[in-house]
Amino acid sequence: MIIVIKLIKLEWKKYNNGNGLITAALIMTAILALFIVGTAGELHSAETVEIYGKSMIDAAVDIFTHISYIIFTGVMLAIFLVGAYEKRTINLMFSYPIKRRKIMLSKVLAVWIFNYIALVISKLLLYAVLLTTKSFTHLSAADIPMGSLTFWLNLFLSSAAMVSIAFIALPIGLKFRSSKAAIVAAVIIACLTQGNIGSFTLADSVPFYGFLFLLAAVSVVLTVYDVETKDVM
(Lines give C-alpha, C1' and ligand atoms only; values in the text may rest on other atoms or scores of the structure.)
Protein backbone atom coordinates (compact mmCIF):
# COMPACT_ATOMS: atom_id res chain seq x y z
CA MET A 1 0.00 0.00 0.00
CA ILE A 2 2.89 2.34 0.81
CA ILE A 3 4.30 1.72 -2.67
CA VAL A 4 0.95 2.58 -4.26
CA ILE A 5 0.76 5.85 -2.29
CA LYS A 6 4.28 6.77 -3.41
CA LEU A 7 3.37 5.95 -7.01
CA ILE A 8 0.23 8.11 -6.78
CA LYS A 9 2.33 11.06 -5.59
CA LEU A 10 4.79 10.38 -8.41
CA GLU A 11 1.96 10.42 -10.97
CA TRP A 12 0.68 13.76 -9.69
CA LYS A 13 4.18 15.21 -9.74
CA LYS A 14 4.86 13.91 -13.24
CA TYR A 15 1.69 15.24 -14.85
CA ASN A 16 1.17 18.34 -12.70
CA ASN A 17 4.23 20.35 -13.73
CA GLY A 18 3.73 23.94 -12.61
CA ASN A 19 0.45 22.90 -10.93
CA GLY A 20 -1.13 22.60 -14.38
CA LEU A 21 -3.94 20.26 -13.29
CA ILE A 22 -4.85 22.40 -10.28
CA THR A 23 -4.76 25.54 -12.41
CA ALA A 24 -7.02 23.93 -15.03
CA ALA A 25 -9.52 22.88 -12.33
CA LEU A 26 -9.54 26.38 -10.83
CA ILE A 27 -10.05 28.03 -14.23
CA MET A 28 -12.92 25.65 -14.98
CA THR A 29 -14.50 26.46 -11.61
CA ALA A 30 -14.11 30.20 -12.23
CA ILE A 31 -15.84 29.90 -15.60
CA LEU A 32 -18.67 27.89 -14.04
CA ALA A 33 -19.00 30.50 -11.27
CA LEU A 34 -19.34 33.33 -13.78
CA PHE A 35 -21.96 31.40 -15.74
CA ILE A 36 -24.02 30.26 -12.75
CA VAL A 37 -23.94 33.65 -11.01
CA GLY A 38 -24.91 35.29 -14.30
CA THR A 39 -27.98 33.06 -14.64
CA ALA A 40 -28.84 32.62 -10.94
CA GLY A 41 -31.23 35.55 -10.89
CA GLU A 42 -33.23 34.21 -13.81
CA LEU A 43 -33.27 30.69 -12.37
CA HIS A 44 -34.47 32.00 -9.02
CA SER A 45 -37.20 34.24 -10.47
CA ALA A 46 -38.41 31.50 -12.83
CA GLU A 47 -38.37 28.81 -10.17
CA THR A 48 -41.78 27.23 -9.75
CA VAL A 49 -40.91 23.56 -9.20
CA GLU A 50 -37.99 21.60 -7.91
CA ILE A 51 -35.73 19.53 -10.18
CA TYR A 52 -34.74 16.08 -8.90
CA GLY A 53 -35.99 17.19 -5.48
CA LYS A 54 -33.65 20.21 -5.45
CA SER A 55 -33.98 23.91 -6.09
CA MET A 56 -33.09 24.98 -9.62
CA ILE A 57 -29.93 26.69 -8.34
CA ASP A 58 -28.76 23.58 -6.50
CA ALA A 59 -29.60 21.39 -9.50
CA ALA A 60 -27.75 23.76 -11.86
CA VAL A 61 -24.58 23.55 -9.76
CA ASP A 62 -24.80 19.75 -9.83
CA ILE A 63 -25.47 19.47 -13.55
CA PHE A 64 -22.75 21.85 -14.74
CA THR A 65 -20.06 20.59 -12.36
CA HIS A 66 -20.91 16.97 -13.13
CA ILE A 67 -20.67 17.51 -16.88
CA SER A 68 -17.38 19.38 -16.46
CA TYR A 69 -15.73 16.82 -14.22
CA ILE A 70 -16.89 13.72 -16.09
CA ILE A 71 -15.13 15.18 -19.12
CA PHE A 72 -12.15 16.37 -17.04
CA THR A 73 -11.79 12.87 -15.58
CA GLY A 74 -11.87 11.47 -19.11
CA VAL A 75 -9.11 13.87 -20.12
CA MET A 76 -6.97 12.81 -17.18
CA LEU A 77 -7.56 9.14 -17.98
CA ALA A 78 -6.42 9.88 -21.52
CA ILE A 79 -3.24 11.52 -20.19
CA PHE A 80 -2.38 9.25 -17.25
CA LEU A 81 -3.34 5.84 -18.66
CA VAL A 82 -4.33 5.75 -22.31
CA GLY A 83 -1.56 8.13 -23.31
CA ALA A 84 1.01 5.89 -21.60
CA TYR A 85 -0.08 3.01 -23.84
CA GLU A 86 -0.48 5.21 -26.90
CA LYS A 87 3.06 6.58 -26.59
CA ARG A 88 4.40 3.27 -25.22
CA THR A 89 5.91 4.94 -22.18
CA ILE A 90 4.09 2.28 -20.15
CA ASN A 91 6.77 -0.19 -21.27
CA LEU A 92 9.36 1.76 -19.30
CA MET A 93 7.19 1.79 -16.19
CA PHE A 94 6.53 -1.94 -16.49
CA SER A 95 10.29 -2.52 -16.53
CA TYR A 96 10.49 -1.29 -12.92
CA PRO A 97 10.77 -3.97 -10.19
CA ILE A 98 7.17 -3.24 -9.18
CA LYS A 99 4.10 -5.28 -9.98
CA ARG A 100 2.21 -3.95 -12.98
CA ARG A 101 -1.05 -4.06 -11.06
CA LYS A 102 0.30 -1.63 -8.50
CA ILE A 103 1.44 0.72 -11.25
CA MET A 104 -1.95 0.63 -12.96
CA LEU A 105 -3.82 0.91 -9.66
CA SER A 106 -1.76 3.96 -8.71
CA LYS A 107 -2.66 5.63 -12.02
CA VAL A 108 -6.37 4.87 -11.55
CA LEU A 109 -6.37 6.16 -7.96
CA ALA A 110 -4.33 9.25 -8.91
CA VAL A 111 -7.05 10.24 -11.40
CA TRP A 112 -9.98 9.32 -9.13
CA ILE A 113 -8.70 11.01 -5.97
CA PHE A 114 -7.71 14.23 -7.74
CA ASN A 115 -11.04 14.60 -9.53
CA TYR A 116 -13.13 13.67 -6.50
CA ILE A 117 -11.42 16.25 -4.28
CA ALA A 118 -11.47 18.84 -7.08
CA LEU A 119 -15.19 18.29 -7.75
CA VAL A 120 -16.14 18.59 -4.07
CA ILE A 121 -14.05 21.76 -3.68
CA SER A 122 -15.44 23.16 -6.95
CA LYS A 123 -19.03 22.70 -5.73
CA LEU A 124 -18.24 24.28 -2.36
CA LEU A 125 -16.56 27.25 -4.05
CA LEU A 126 -19.58 27.74 -6.32
CA TYR A 127 -21.96 27.63 -3.35
CA ALA A 128 -19.71 30.10 -1.51
CA VAL A 129 -19.76 32.47 -4.47
CA LEU A 130 -23.56 32.19 -4.74
CA LEU A 131 -23.99 32.92 -1.05
CA THR A 132 -21.60 35.87 -1.29
CA THR A 133 -23.53 37.36 -4.21
CA LYS A 134 -27.04 36.57 -2.92
CA SER A 135 -27.82 40.27 -2.50
CA PHE A 136 -27.31 40.59 -6.25
CA THR A 137 -28.98 37.33 -7.31
CA HIS A 138 -31.72 37.50 -4.62
CA LEU A 139 -31.19 33.88 -3.59
CA SER A 140 -32.68 32.54 -0.37
CA ALA A 141 -31.56 29.88 2.09
CA ALA A 142 -33.95 27.43 0.43
CA ASP A 143 -31.98 27.68 -2.82
CA ILE A 144 -28.80 26.38 -1.17
CA PRO A 145 -29.85 24.25 1.86
CA MET A 146 -26.38 23.86 3.37
CA GLY A 147 -27.90 23.22 6.80
CA SER A 148 -29.48 20.00 5.57
CA LEU A 149 -27.82 16.60 6.01
CA THR A 150 -29.26 15.56 2.64
CA PHE A 151 -27.37 18.42 1.01
CA TRP A 152 -24.02 17.18 2.30
CA LEU A 153 -24.78 13.53 1.54
CA ASN A 154 -25.66 14.49 -2.02
CA LEU A 155 -22.50 16.61 -2.29
CA PHE A 156 -20.11 13.81 -1.35
CA LEU A 157 -21.97 10.81 -2.82
CA SER A 158 -22.90 12.39 -6.15
CA SER A 159 -19.32 13.63 -6.60
CA ALA A 160 -17.98 10.11 -6.03
CA ALA A 161 -20.54 8.66 -8.44
CA MET A 162 -19.84 11.16 -11.23
CA VAL A 163 -16.06 10.71 -11.10
CA SER A 164 -16.46 6.93 -10.95
CA ILE A 165 -18.74 6.54 -13.97
CA ALA A 166 -16.26 8.50 -16.09
CA PHE A 167 -13.99 5.44 -15.84
CA ILE A 168 -16.27 3.66 -18.31
CA ALA A 169 -14.28 5.62 -20.90
CA LEU A 170 -11.03 3.91 -19.83
CA PRO A 171 -11.39 0.51 -21.59
CA ILE A 172 -12.66 2.27 -24.72
CA GLY A 173 -9.52 4.39 -24.88
CA LEU A 174 -7.28 1.40 -24.15
CA LYS A 175 -9.06 -0.77 -26.72
CA PHE A 176 -8.30 1.70 -29.51
CA ARG A 177 -5.04 2.93 -27.95
CA SER A 178 -6.48 6.40 -28.48
CA SER A 179 -6.63 9.33 -26.05
CA LYS A 180 -9.20 10.97 -28.32
CA ALA A 181 -11.47 7.91 -28.05
CA ALA A 182 -11.35 8.11 -24.24
CA ILE A 183 -12.22 11.82 -24.24
CA VAL A 184 -15.05 11.38 -26.76
CA ALA A 185 -16.42 8.50 -24.66
CA ALA A 186 -16.34 10.75 -21.56
CA VAL A 187 -18.24 13.47 -23.43
CA ILE A 188 -20.89 10.93 -24.48
CA ILE A 189 -21.18 9.68 -20.88
CA ALA A 190 -21.64 13.27 -19.67
CA CYS A 191 -24.38 13.90 -22.24
CA LEU A 192 -26.21 10.63 -21.46
CA THR A 193 -26.14 11.11 -17.70
CA GLN A 194 -26.79 14.85 -17.45
CA GLY A 195 -28.67 15.69 -20.63
CA ASN A 196 -32.34 15.44 -21.43
CA ILE A 197 -34.66 14.96 -24.40
CA GLY A 198 -37.73 17.08 -23.76
CA SER A 199 -38.85 16.16 -20.26
CA PHE A 200 -37.06 12.79 -20.32
CA THR A 201 -33.77 12.54 -18.44
CA LEU A 202 -31.73 9.86 -16.70
CA ALA A 203 -30.07 12.37 -14.36
CA ASP A 204 -32.33 11.39 -11.46
CA SER A 205 -32.41 7.63 -12.10
CA VAL A 206 -30.78 5.78 -9.20
CA PRO A 207 -30.92 2.35 -10.94
CA PHE A 208 -29.26 3.85 -14.02
CA TYR A 209 -26.42 5.29 -11.95
CA GLY A 210 -26.14 2.02 -10.05
CA PHE A 211 -25.68 0.19 -13.34
CA LEU A 212 -23.11 2.72 -14.55
CA PHE A 213 -21.20 2.54 -11.26
CA LEU A 214 -21.06 -1.26 -11.58
CA LEU A 215 -19.96 -0.95 -15.20
CA ALA A 216 -17.21 1.49 -14.20
CA ALA A 217 -16.00 -0.89 -11.46
CA VAL A 218 -15.88 -3.76 -13.95
CA SER A 219 -13.98 -1.54 -16.39
CA VAL A 220 -11.29 -0.79 -13.81
CA VAL A 221 -11.05 -4.41 -12.66
CA LEU A 222 -10.64 -5.67 -16.23
CA THR A 223 -8.00 -3.02 -16.89
CA VAL A 224 -5.94 -4.02 -13.85
CA TYR A 225 -6.74 -7.75 -13.57
CA ASP A 226 -4.70 -9.30 -16.39
CA VAL A 227 -2.09 -6.57 -16.79
CA GLU A 228 0.64 -8.86 -15.39
CA THR A 229 0.41 -11.20 -18.37
CA LYS A 230 -1.19 -9.06 -21.06
CA ASP A 231 0.98 -7.92 -23.96
CA VAL A 232 1.21 -4.12 -23.89
CA MET A 233 2.42 -3.77 -27.48
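Keep in mind that the numbers below use all heavy atoms, side chains included, and drop hydrogens, waters and symmetry copies. The residues of the chain are indexed from 1 along the displayed sequence.
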List the atom of Ile113, the atom of Ile8, and the distance in Å for their closest heavy-atom pair.
-> CD1-CD1, 4.4 Å
Quick check: are there more than 12 heavy atoms from other residues, nucleotides or ligands sitting under 6.0 Å from CZ of Phe151?
-> yes
NZ on Lys134 to CD1 on Ile144, rounded to 0.5 Å | 8.5 Å
Does the ring centre of Tyr15 sit less than 6.0 Å away from the ring centre of Phe114?
-> no
Could you tell me whether the side chains of Ser106 and Lys6 share a donor-acceptor contact shorter than 3.5 Å?
-> no
Does a donor on one side chain and an acceptor on the other come within less than 3.5 Å for Asn154 and Asp58?
-> no
What's the shortest heavy-atom distance between Phe94 and Val227, and which atoms?
-> CZ-CG2, 3.6 Å
Tyr116 vs Trp112 aromatic rings, parallel, tilted or perpendicular, using cut-offs 30° and 60°?
-> parallel
Check against side chain to side chain contact (heavy atoms under 4.5 Å, CB included), Met162 and Gln194 | CA-CA 10 Å; Met162 293 305 109; Gln194 304 303 308; 3.4 Å; yes
So, does Tyr225 use its side chain to make a donor-acceptor pair with the main chain of Arg101 at under 3.5 Å?
-> no
Donor-acceptor contact present, side-chain Ser159 to main-chain Phe156, <3.5 Å | no
Heavy-atom closest contact (Ile67 atom, Ala190 atom, distance) | O-CB, 4.1 Å
Is there a donor-acceptor contact under 3.5 Å from the side chain of Ser95 to the main chain of Leu92?
-> yes
In terms of side-chain geometry, is the basic nitrogen of Arg177 or Glu86 positioned less than 4.0 Å from the acidic oxygen of its partner?
-> no
Mark yes or no for whether Lys107, through its side chain, and Phe80, through its backbone, hold a donor-acceptor pair below 3.5 Å.
-> yes
